[in-house]
Amino acid sequence: APPPAPPPDPFQEDAKRLRFVGFLQSGDKATAFIVQGTVVHTVDVGATFLGRFRVQAITEDAVVLACFGDPGLLDAVAQFARQTVARPAG
C-alpha cells in the first residue's frame, strides 16, 4: 500500500480562504484588495495582515504571499490569481 499522504499545510489551507479581487497602481506603488469572507484587506508589498501573511509581490494578475515570521519562508509561499467577483443583477 502507498504511504499515507502528508497532512495539509496550514499556511496553504489559510491562503485558500483568500480572494484577490483587484489592485490599484499609483506610480511605483501597487495596492492589492484581498477578500476574506466579508472583510476586504487593502495591502501593499511588504505589508503583513491577519498576523500570518506578508505580501511579497503584487501584479495585475496575481499576489504572492509568504508566511510571516517563518524561517522557512521560501517553503511557505502562496500565489493566487485575481478572481472575478460577480455583481448582482439589478
Side-chain angles (χ1 to χ4, degrees):
D9 179 329
F11 173 79
Q12 295 291 337
E13 293 301 306
D14 285 348
K16 288 178 186 176
R17 295 182 182 95
L18 304 174
R19 291 184 303 138
F20 171 40
V21 295
F23 81 106
L24 174 67
Q25 184 77 40
S26 179
D28 292 341
K29 181 179 174 185
T31 300
F33 301 97
I34 298 174
V35 175
Q36 179 193 34
T38 59
V39 178
V40 177
H41 302 275
T42 305
V43 294
D44 302 324
V45 172
T48 59
F49 68 104
L50 296 174
R52 143 171 231 141
F53 298 103
R54 180 183 302 275
V55 180
Q56 295 294 99
I58 299 170
T59 69
E60 182 177 326
D61 300 315
V63 170
V64 178
L65 301 177
C67 188
F68 175 67
D70 186 342
L73 194 65
L74 296 178
D75 295 329
V77 174
Q79 177 171 333
F80 54 104
R82 183 169 58 185
Q83 299 176 359
T84 302
V85 178
R87 295 178 190 261

Considering the options V63, V35, T59, which one meets the side chain to side chain contact (heavy atoms under 4.5 Å, CB included) requirement together with F20? V63
Would you check if the side chain of S26 reaches a backbone N or O of K29 as a donor-acceptor pair within less than 3.5 Å? no
Is there a side-chain contact between V21 and I34 in this structure, where contact means two heavy atoms from C-beta onward sitting under 4.5 Å apart? no
Is the shortest heavy-atom distance from the side chain of F49 to the side chain of L18 under 4.5 Å? yes
Once ring pair (Phe, Tyr, Trp, His ring centres under 6.0 Å) is applied, do any residues pair with F33, and if so which ones, sequence neighbours excluded? none
Which residue, V55, I58, D44, forms the side chain to side chain contact (heavy atoms under 4.5 Å, CB included) with T31? D44
Quick one: does E60's side chain have a donor or acceptor within less than 3.5 Å of a partner on A62's backbone? no
Which pair of non-hydrogen atoms, one from A30 and one from Q25, has the smallest distance, and what is that distance? CB-OE1, 3.6 Å
Identify, with sequence neighbours excluded, every residue that meets salt bridge (charged side-chain N to carboxylate O under 4.0 Å, His left out) alongside D14. R17, R52
Please find the pair of heavy atoms, one from H41 and one from L50, that lie closest to each other, and give the distance. CE1-CD2, 3.7 Å
Partners meeting side chain to side chain donor-acceptor pair (under 3.5 Å) with T48 (sequence neighbours left out): none
